[in-house]
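Taking it in order: structure first as structure tokens, then the write-up.
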Number of protein chains: 2
Amino acid sequence: MEGMTIGQVSRQTGVGIETLRFYERESLIPAPPRNRSGYRMYQPEAVARIAFIRHAKALGFSLADIRELLFLRVDAAASCLEIKEIALARIADIEVRLSALTRMREALQDLAGTCRAGRSAGECQLLDSLLAGNFVDAESLSLDRIEEQ
Amino acid sequence: MEGMTIGQVSRQTGVGIETLRFYERESLIPAPPRNRSGYRMYQPEAVARIAFIRHAKALGFSLADIRELLFLRVDAAASCLEIKEIALARIADIEVRLSALTRMREALQDLAGTCRAGRSAGECQLLDSLLAGNFVDAESLSLDRIEEQ
DNA sequence: TATAAGGCTGTACCTTGGTACAGGGTCAAG
DNA sequence: CTTGACCCTGTACCAAGGTACAGCCTTATA
């Protein structure tokens with residue numbers, strides 16, 4: 001039986017051996033055929049599928065999203081539109097995170113500006129602001145709040 | 001012995017009871033005195049400290065960062081400058097995340113634009129792009145890459 | 001033929017920031 | 001005196017995405 005061993009696939013794709021077995025357990029890649037010793041023998045399609053996973057991960061898709069995309073691909077009834085919807089949902093998600101991070105950066109920049117050389121930590125305005133919480137707009141947009149929804 | 005019970009502190013700060021005990025285990029708040037039944041009796045400083053933690057968390061500080069800030073605050077030798085450095089490191093971190101997310105959004109928007117109504121999932125350009133990985137600039141800036149550094 | 005490199009399964013462990021009990025003791029009201 | 005609301009400790013568990021062994025088998029190379 002021909003094909004690549006798990007080590008060869010790992011080197012070719014840059015995905016660790018343990019991770020490949022993990023993806024198989026998680027149904028992200030189908031169980032490959034085995035040779036007579038029980039070794040996994042991967043076909044070229046498996047390598048393409050692993051590339052797909054790597055690329056989707058790089059775009060911020062979760063493994064659950066990726067599993068969904070892979071099943072849609074095989075499902076002849078699924079349409080391009082359903083896939084676009086998943087992508088648009090991810091874009092919306094990214095935009096929420098972008099605005100939260102932007103607010104956080106602004107609040108932090110303001111606070112960092114209040115630090116004065118020569119002052120002790122006990123006199124630090126930044127720490128005082130954290131106690132007082134006078135940066136409420138940043139807090140109302142924190143990632144935690146968003147993730148709770 | 002006077003002070004507030006853990007339930008009163010929880011209601012006043014909006015931080016759950018289990019979370020307060022968790023913060024105590026993690027050395028984010030000092031162990032409060034106990035009454036003769038072993039109940040935690042919190043003093044007003046504890047409430048202020050919990051507010052500090054809540055505000056710092058809202059700005060994206062990890063609990064480890066917060067612990068560091070709290071220790072610096074007590075340490076008379078610590079300077080405002082050291083605190084500013086922690087804040088600047090967090091700002092730099094946020095900026096890296098912002099640019100990675102921006103690239104991801106752009107790559108996803110491009111891909112979503114290739115989806116055409118009426119096509120089946122098998123013909124979807126977005127999925128094909130994920131297989132081919134022809135959006136390399138997004139990948140080279142993925143969050144995973146950054147977190148590995 | 002010895003030995004290293006690589007493969008197998010199964011299970012446990014890691015991070016972060018909590019959350020959920022179980023099985024008890026305590027306190028205030030009726 | 002009982003009931004319900006609190007509080008205590010200790011332990012286990014959750015998501016996500018892996019990582020690390022232990023203990024064993026197979027394959028390639030010198």
Side-chain angles (χ1 to χ4, degrees), chain A residues 1-29 31-42 46 50 53-68 90 93 97 142-149, chain B residues 1-29 31-42 46 50 53-68 70 90 93 97 142-148:
Chain A
M1 182 160 305
E2 54 201 82
M4 302 166 74
T5 66
I6 197 167
Q8 290 169 332
V9 171
S10 173
R11 280 188 294 278
Q12 194 173 318
T13 61
V15 175
I17 289 173
E18 307 272 15
T19 304
L20 290 173
R21 291 198 276 242
F22 169 74
Y23 285 169
E24 185 180 325
R25 281 200 298 286
E26 296 291 307
S27 308
L28 287 164
I29 45 183
R34 305 295 183 108
N35 70 10
R36 51 219 161 295
S37 321
Y39 283 27
R40 289 170 179 80
M41 300 309 286
Y42 291 91
I50 293 157
I53 295 169
R54 248 170 42 78
H55 302 325
K57 247 170 55 67
L59 289 176
F61 288 94
S62 69
L63 296 188
D65 288 334
I66 295 170
R67 197 182 294 114
E68 192 178 357
R90 280 260 66 223
D93 195 69
R97 274 160 207 279
S142 88
L143 288 174
D144 286 356
R145 293 285 168 96
I146 288 151
E147 280 156 7
E148 275 161 13
Q149 286 168 7
Chain B
M1 181 158 306
E2 53 201 83
M4 301 164 75
T5 65
I6 198 167
Q8 289 168 333
V9 171
S10 173
R11 279 186 294 277
Q12 195 173 317
T13 61
V15 175
I17 289 173
E18 307 271 16
T19 304
L20 290 172
R21 291 198 276 242
F22 169 74
Y23 285 167
E24 185 179 325
R25 282 199 299 284
E26 295 292 306
S27 308
L28 288 164
I29 45 184
R34 305 295 184 109
N35 69 9
R36 48 219 163 298
S37 321
Y39 284 26
R40 289 169 180 81
M41 300 310 286
Y42 292 90
I50 293 157
I53 294 169
R54 248 169 42 78
H55 302 325
K57 248 171 53 71
L59 288 177
F61 287 96
S62 69
L63 296 188
D65 288 333
I66 294 169
R67 197 181 294 114
E68 192 179 357
L70 287 165
R90 280 260 65 223
D93 195 67
R97 274 160 208 278
S142 88
L143 288 174
D144 286 355
R145 292 284 167 98
I146 289 152
E147 279 155 9
E148 276 161 14

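The structure presented is a predicted model; accordingly, all values stated were derived computationally and were not measured. Every chain is numbered from 1, with letters handed out A, B, ... down the list of sequences.
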Proximity to DNA chain D (any heavy atom under 4.0 Å), residues of residues 5-16 of chain A only:
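Hits under 4.0 Å, by residue number: none.
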
Which residues share a side chain to side chain contact (heavy atoms under 4.5 Å, CB included) with B/F61, sequence neighbours left out:
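Counting only residues at least two positions away or on another chain, B/F61 forms a side chain to side chain contact (heavy atoms under 4.5 Å, CB included) with A/L108, B/A56, B/L59, B/D65, B/I66, B/L69, B/I86, B/R90.
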
From [atom1] of [X] over to [atom2] of [N], roughly how many Å is that when rounded to an integer?
X: A/I17; N: D/dG18; atom1: CD1; atom2: P; result: 15 Å
X: A/F22; N: D/dT19; atom1: CZ; atom2: P; result: 9 Å
X: A/E24; N: C/dG7; atom1: CD; atom2: C1'; result: 13 Å
X: B/L28; N: C/dG17; atom1: CG; atom2: C1'; result: 10 Å
X: B/M4; N: D/dC7; atom1: CE; atom2: P; result: 11 Å
X: B/L20; N: D/dC7; atom1: CG; atom2: P; result: 10 Å
X: B/Y42; N: D/dC8; atom1: OH; atom2: C1'; result: 12 Å
X: B/E26; N: C/dT19; atom1: CD; atom2: P; result: 13 Å

Heteroatom pairs (N/O) under 3.5 angstrom, protein to nucleotides 9-11 of chain D:
from: D/dT9; atom 1: OP1; to: B/R34; atom 2: NH1; distance (Å): 3.2
from: D/dT9; atom 1: OP1; to: B/R34; atom 2: NH2; distance (Å): 3.0
from: D/dT9; atom 1: OP2; to: B/R40; atom 2: NH1; distance (Å): 3.1
from: D/dT9; atom 1: OP2; to: B/R40; atom 2: NH2; distance (Å): 2.8

Nearest 0.5 angstrom please: [X] [atom1] to [Y] [atom2], how far?
X: B/L28; Y: B/R67; atom1: CG; atom2: CZ; answer: 5.0 Å
X: B/R97; Y: B/D93; atom1: CZ; atom2: CG; answer: 5.0 Å
X: B/I53; Y: B/L63; atom1: CD1; atom2: CG; answer: 8.0 Å
X: A/I50; Y: A/I29; atom1: CD1; atom2: CD1; answer: 4.5 Å

Exercise answer: donor-acceptor pairs, residues 19-27 of chain B side-chain atoms, under 3.5 Å, sequence neighbours excluded:
from: B/E24; atom 1: OE1; to: B/R40; atom 2: NE; distance (Å): 2.8

Any [X] side-chain nitrogen or oxygen under 4.0 Å from OP1 or OP2 of [N]:
X: B/K57; N: C/dG18; result: yes
X: A/T19; N: D/dG17; result: no
X: A/Y23; N: D/dG17; result: no

Please tabulate, for the side chains in residues 4-16 of chain A, all donor-acceptor contacts under 3.5 angstrom to protein atoms that are two or more places apart in sequence or on a different chain.
from: A/T5; atom 1: OG1; to: A/Q8; atom 2: N; distance (Å): 3.4
from: A/Q8; atom 1: OE1; to: A/T5; atom 2: N; distance (Å): 2.9
from: A/S10; atom 1: OG; to: A/V15; atom 2: O; distance (Å): 2.8
from: A/T13; atom 1: OG1; to: A/V9; atom 2: O; distance (Å): 2.8
from: A/T13; atom 1: OG1; to: A/V15; atom 2: N; distance (Å): 3.2

Hey, what are the protein-to-nucleotides 23-27 of chain D N/O distances that come in under 3.5 Å?
from: D/dT26; atom 1: O4'; to: A/Y39; atom 2: OH; distance (Å): 3.3
from: D/dT26; atom 1: O3'; to: A/S37; atom 2: OG; distance (Å): 3.1
from: D/dT27; atom 1: OP1; to: A/S37; atom 2: OG; distance (Å): 2.2

